[in-house]
Number of protein chains: 2
Amino acid sequence: MQNECGDCVCVLRSSVNMKDCQLEMLGGNHTVVKFKKGDSIIKQGVFSTNVIFLRKGMAKVHISGPSREQIVKLVKAPTYLGLPTTFGDKINQYSVTSVIDSEVCFIDLEVFKRLLGENRDFGSYILMELCKSELEAYRRCASRTQKQMRGNLADVLLEFSEKLFEADQFTLPLSQSDIGNWVDAGRESINRVLSEFIQDGIIQMQGRQVRIVDKKMLKMISQNG
Amino acid sequence: MQNECGDCVCVLRSSVNMKDCQLEMLGGNHTVVKFKKGDSIIKQGVFSTNVIFLRKGMAKVHISGPSREQIVKLVKAPTYLGLPTTFGDKINQYSVTSVIDSEVCFIDLEVFKRLLGENRDFGSYILMELCKSELEAYRRCASRTQKQMRGNLADVLLEFSEKLFEADQFTLPLSQSDIGNWVDAGRESINRVLSEFIQDGIIQMQGRQVRIVDKKMLKMISQNG
DNA sequence: AGAAATATGTGATATGTATCACAAAATAAG
DNA sequence: CTTATTTTGTGATACATATCACATATTTCT
């Protein structure tokens, strides 16, 4: 258990000067849970008293909009999940669902808050993280609404390739209709553009296995909207 | 000067237990500046070392997107401006421009950080604010992209009326093309829908003076997309 | 006060995507 | 293994909005 927790915060420990006693406090107040692909980790509308850390895996953050479910972003381990929804409101304001098998660490909110107070480095680390994700949210939103489908889909493919999987070949963890909910497009349109990309020799696909062939072209498409 | 600063943080002081010595520290390290309508308060791409507090007035937060300037949100005093852009990055990641004559308080970043560390209440207050604005950003983005123009414009009018001016009658601080940049629409479309609303007896307008006549109908339009 | 720049009002047309309607695959469930 | 259920593939059509093209106000500047 302690051991697990050492791993769990090791990412932070490198940048944050965390005392052993604080690590122990954390170790004594957490639970590790496994989630299978498709399982709900955080559910919008439900009361929450835990800070959640994604140890392994990948998850989608989504919020219910006026007419459909909007995917806000995809995140991969290691990262905190739903800090805004935990601190900003007692009731979860969005959902998080694992898109591949994942492992999650629940930390008691009070313990986490105490830690924030005691360890200034840790506090400013969390503050920074929040700021960055807010900035990212602004950028994404502007980009999504101003580009058209081809550009947005190119962005998604590039994000999978460069940020999430860090490979030219990967398995899409989302269905086409989910991708549609991410980039504000209909499922059919996603399918059509994907076909175009294959036709044009930009990507290859078999099932959900994607291979990016012409990354330069993808970046071109991403840029000119 | 001290006096001014007492006002400046009075909003916080009510909820945050700030010691007099901390107030003084703040008082000694700030500058109050006036901005006229249209002046740039924070400029994207510029190096920044100040936390900025909007004492009086109203400002638009905007970010340059792939093809045009995207207005992210409108804020009114009293509020901090650009915390994410100050903490998240040394270089401003978005711009803030006053839309009516405003008064702004520049606080040295280091002093602000020290304050965050020393005063736990203040720290968690700021953390909360950040979380809330991130949640708000998610909600807005989902709403904007899923609703169509009439719904979005209704939202904007309601926001002016209920959140920003707290009155049924007010003067639009934005041009129609700015409103377009806010809700992702062309200037002409905004104009047309505005005319429709007038025709339908939902609002009255003379110049930029707006009077909301049928608020219920506006809310209806806001909801059904 | 007069000139220049910016903001509004309104038609006609173009265009990207949504939506509907099915068929075929692929996955999950019993 | 068979039956449901969810995904994917593709055409035809509809529609909301962008875009273009002006005319007219209104504000700003000198």
Side-chain angles (χ1 to χ4, degrees), chain A residues 36-39 60 65-71 97 99-101 144-154 156-157 171-200 203-210 221 224-225, chain B residues 36-39 60 65-71 97 99-101 143-154 156 171-200 203-210 221 224-225:
Chain A
K36 281 199 294 190
K37 171 185 168 185
D39 287 349
K60 62 177 175 181
S67 65
R68 55 177 176 71
E69 200 69 11
Q70 172 83 43
I71 295 186
T97 304
V99 294
I100 58 177
D101 292 0
R144 284 282 135 72
T145 52
Q146 286 182 35
K147 287 182 188 176
Q148 54 196 67
M149 284 215 19
R150 289 172 61 88
N152 283 327
L153 193 51
V156 163
L157 290 172
T171 303
L172 278 182
L174 296 181
S175 70
Q176 294 182 359
S177 80
D178 256 351
I179 296 178
N181 288 335
W182 194 9
V183 301
D184 314 305
R187 180 213 110 224
E188 297 94 327
S189 304
I190 296 292
N191 186 285
R192 268 183 264 267
V193 176
L194 236 29
S195 304
E196 278 176 43
F197 285 177
I198 295 171
Q199 216 75 54
D200 299 352
I203 60 172
Q204 289 175 358
M205 283 185 77
Q206 31 195 1
R208 287 198 183 168
Q209 187 73 211
V210 176
I221 295 172
N224 82 10
Chain B
K36 281 199 296 190
K37 171 185 167 185
D39 287 349
K60 62 177 174 182
S67 66
R68 56 178 174 70
E69 199 69 11
Q70 173 83 44
I71 295 185
T97 304
V99 294
I100 58 177
D101 293 358
S143 181
R144 284 284 135 71
T145 52
Q146 287 181 34
K147 286 183 188 176
Q148 53 196 65
M149 284 217 15
R150 290 172 60 88
N152 283 327
L153 193 51
V156 163
T171 303
L172 278 181
L174 295 181
S175 70
Q176 295 182 359
S177 79
D178 257 351
I179 296 178
N181 288 335
W182 193 9
V183 302
D184 314 305
R187 180 213 110 224
E188 299 94 325
S189 305
I190 297 291
N191 186 285
R192 269 184 263 268
V193 176
L194 236 29
S195 304
E196 278 176 42
F197 284 177
I198 295 172
Q199 217 74 57
D200 298 351
I203 60 171
Q204 290 174 357
M205 282 184 78
Q206 30 195 3
R208 287 198 183 169
Q209 186 74 212
V210 176
I221 295 171
N224 83 9

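Just so we're on the same page: letters track the sequence lines, and every chain starts at 1. Keep in mind the model is a prediction, meaning the values are calculated, not measured.
The two residues Thr97(A) and Gly38(A) come nearest to each other via the heavy atoms CG2-O, 3.4 Å.
Between Ile198(B) atom CD1 and dT10(C) atom P the separation is 9 Å, expressed in whole Å. Nucleotide dA7(C) holds its P atom 15 Å from the CE atom of Met205(B), rounded to whole Å. The CD1 atom of Ile190(B) sits 12 Å away from the P atom of dG9(C) (whole-angstrom rounding). Atom pair Glu188(B):CD and dT13(C):P shows a separation of 16 Å (rounding to whole Å applied). When rounded to the nearest whole Å, the span between CG of Asn152(A) and P of dA18(C) equals 11 Å.
Contacts of Asp184(A) with the nucleic acid, taken as non-hydrogen atoms under 4.0 Å apart, involve only primed sugar atoms and P, OP1 or OP2.
Here the range on DNA chain D touched by chain B, meaning any atom under 4.0 Å from one of its heavy atoms, is dA16(D) to dC20(D).
Atom CE of Met149(A) sits about 11.5 Å away from atom CD1 of Ile221(A), to the nearest 0.5 Å. Of the inter-residue distances, the one linking Ile198(A) atom CD1 with Glu196(A) atom CD reads 10.5 Å to the nearest 0.5 angstrom. Rounding to the nearest 0.5 Å places CD1 of Ile203(B) at 12.0 Å from CD of Gln209(B). Note: Ile179(A) CD1 to Leu194(A) CG = 6.5 Å, rounded to the nearest 0.5 Å. With rounding to the nearest 0.5 angstrom, the CD atom of Gln148(B) is 9.0 Å from the CZ atom of Arg150(B).
Using a 4.0 Å cut-off between charged side-chain N and carboxylate O, Asp184(B) and Lys147(B) make no salt bridge. Ion pairing of Asp178(B) with Lys60(B) is present here, as a side-chain N (NZ or NE/NH1/NH2) and a carboxylate O approach within less than 4.0 Å.
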- request: Start with the C-alpha gap between Asn181(B) and Glu69(B), add the side-chain angles, then the distance that decides, and say whether side chain to side chain donor-acceptor pair (under 3.5 Å) holds.
  value: CA-CA 7 Å; Asn181(B) 288 335; Glu69(B) 199 69 11; over 6 Å; no

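Counting only distance, with no hydrogens or angles, the side chain of Gln176(B) and the backbone of Ile190(B) share no donor-acceptor pair below 3.5 Å. In terms of modelled atom types and a separation under 3.5 Å, the side chain of Asp101(A) and the main chain of Lys36(A) share no donor-acceptor contact.
For dG9(C), one of the phosphate oxygens OP1 or OP2 lies less than 4.0 angstrom from a side-chain nitrogen or oxygen of Gln176(B). Contact annotation: Asn191(B) does not reach the phosphate of dT8(C) (side-chain N/O to OP1 or OP2, under 4.0 Å).
Both Ser195(B) and Ser189(A) lie close to DNA chain C; mapped to their nearest nucleotides by heavy-atom distance, the more 5′-ward contact belongs to Ser195(B).
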All N/O contacts under 3.5 Å from nucleotides 22-30 of chain C to the protein, with atom names and distances to one decimal?
none

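Where the helix from dA1(C)-dT30(D) to dT27(C)-dA4(D) starts and where it ends, the local axes point in directions that differ by 60°; five pairs per end, rounded to 10°.
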